[in-house]
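Every chain is numbered from 1 and lettered A, B, ... according to where its sequence line falls, protein lines coming before strand lines. Side chains included, hydrogens not; waters and symmetry mates left out as well; all remaining heavy atoms used.
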Number of protein chains: 2
Amino acid sequence: MIRNLTEHDKEHLQEALVKSGQKVTPQREAVFTVLLAERDHPTVDEVFNRAREVMPGLSLATVYNCLETFVGCGLVRQVNHERESTRYCPNLAPHAHFRDKETGQVHDIELPPDVMKSLRSILPPGFDSEVIEISFLGRAQAKDSHSN
Amino acid sequence: MIRNLTEHDKEHLQEALVKSGQKVTPQREAVFTVLLAERDHPTVDEVFNRAREVMPGLSLATVYNCLETFVGCGLVRQVNHERESTRYCPNLAPHAHFRDKETGQVHDIELPPDVMKSLRSILPPGFDSEVIEISFLGRAQAKDSHSN
DNA sequence: CTTGCGGATTAGACTCATTCTAATTGAGTT
DNA sequence: AACTCAATTAGAATGAGTCTAATCCGCAAG
Ligand SMILES: [Mn+2]
Ligand SMILES: [Mn+2]
Ligand SMILES: [Zn+2]
Ligand SMILES: [Zn+2]
């Protein structure tokens, strides 16, 4: 189920790319569309397979390139858990990641400002941090998967 | 500068190994000694090179095996930053990791119980987490390196 | 002692996610 | 029509980590 980009998302993509001196291409649109379609933190291969359905000639190398470009211009975040394949997340709000040990699914966990603050406060003087990564490992009750 | 294990550390090693049905071997002692000698979160290769100085016949495979064993019986933690080589940490107290963007050094950051609590509290109902990993990326002022 | 057992160690082959290389494409320009 | 230059592409290369199969060795039984 890959819907097209909304006007808003298209502008978001275009603005970020153009702002960093890069071009909007059909491949980049396709990959970005895949990322927005499901918020399930897909791996490169998953993105590749989904995007191929709509753009059969797309190459894996290009998926790597697109995702790297998006990370570079702040459109998506990389998500790493242990040594597994890198996953990609288009949620730009500050959030942590919860990895379900059973299913492997990755869920976003909202990160309230006061928690962020208390985290920064544990840094000793002289330590200055731009990026904080928080990841949980455990089990999550099933709920349902239409969490798009 | 690889000192020998203290009696206390030797007992710690032996207890953890025996408790999980495994043997104390010279290789395991050497690798554990290396880990305790410097709290700098060495990679497998760094552990290998340091341990070889005191046990020249030691193989890389064995270092992988020892470290896996130690992780399995809770003697050390793995530390991953992005896609870099896994590092190893013998600090069993709850702590976060700070990675210096400039030097690559990894520093332990103490994690007070109230911060742990506020972190657990952000999990929605139904989410149960055993492991929380927190890592900072940024710059740390030099201080000095005799932080053993 | 001598032998047998089973875990530990070892060298080297293998895996596979990611990166690199070099050739090709194609949209926009001269 | 030719040029330019980023983007795309296929395939090779990389390298941390894992696997395999042979050897080692401490210990216990005979
Ligand atoms: Mn789940
Ligand atoms: Mn530092
Ligand atoms: Zn996310
Ligand atoms: Zn540590």
### Option among B/Tyr64, B/Tyr88, B/Phe32 that satisfies the ring-ring contact (aromatic ring centres under 6.0 Å, His included) test with B/Phe70
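Checked B/Tyr64, B/Tyr88, B/Phe32 against B/Phe70; only one passes ring-ring contact (aromatic ring centres under 6.0 Å, His included): B/Phe32.
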For [X] and [N], what is the distance between atoms [atom1] and [atom2] respectively, to the nearest whole Å?
{"X": "A/Leu67", "N": "D/dT8", "atom1": "CG", "atom2": "P", "result": "11 Å"}
{"X": "A/Phe48", "N": "C/dT18", "atom1": "CZ", "atom2": "P", "result": "14 Å"}
{"X": "B/Leu60", "N": "C/dC14", "atom1": "CG", "atom2": "P", "result": "18 Å"}
{"X": "B/Met55", "N": "C/dT9", "atom1": "CE", "atom2": "C1'", "result": "11 Å"}
{"X": "B/Gln27", "N": "C/dA11", "atom1": "CD", "atom2": "P", "result": "11 Å"}
{"X": "A/Glu82", "N": "D/dG17", "atom1": "CD", "atom2": "P", "result": "12 Å"}
{"X": "B/Glu29", "N": "C/dT9", "atom1": "CD", "atom2": "P", "result": "11 Å"}
{"X": "A/Glu84", "N": "C/dT18", "atom1": "CD", "atom2": "C1'", "result": "16 Å"}

Residue [X], side-chain heavy atoms: nucleotide from [options] that is nearest:
{"X": "B/Arg28", "options": "C/dA11, C/dA8, D/dG17", "answer": "C/dA8"}
{"X": "A/Thr62", "options": "D/dT8, C/dT10, D/dT18", "answer": "D/dT8"}
{"X": "A/Asn65", "options": "D/dT18, C/dT10, D/dT9", "answer": "D/dT9"}
{"X": "B/Arg83", "options": "C/dA8, C/dT10, C/dA17", "answer": "C/dA17"}
{"X": "B/Ala61", "options": "C/dT9, D/dA10, C/dT10", "answer": "C/dT10"}

### Query
So does B/Lys101 pair up with A/Glu130, basic N to acidic O under 4.0 Å?
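Salt bridge: yes.
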### Message
Regarding A/Asp108 and A/Arg77, does a basic nitrogen lie under 4.0 Å from an acidic carboxylate oxygen?
### Response
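A salt bridge is absent here (no side-chain N lies under 4.0 Å from a carboxylate O).
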### Flag side-chain contact, heavy atom, 4.5 Å: B/Leu75 against B/Pro90
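B/Leu75 does not reach B/Pro90 side chain to side chain.
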Give a yes/no on whether any side-chain N or O of [X] is located under 4.0 angstrom from OP1 or OP2 of [N].
{"X": "B/Thr86", "N": "D/dA16", "result": "no"}
{"X": "A/Ser59", "N": "D/dT8", "result": "no"}
{"X": "B/Thr25", "N": "C/dA8", "result": "no"}

### Query
Closer to the 5' end of DNA chain C via nearest nucleotide, is it A/Lys23 or A/Asn80?
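Closest to the 5' end, via its nearest nucleotide, is A/Asn80.
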### Query
Regarding A/Arg99 and A/Ser135, is there a side-chain donor-to-acceptor distance under 3.5 Å anywhere?
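Side-chain D/A pair, A/Arg99 to A/Ser135: absent.
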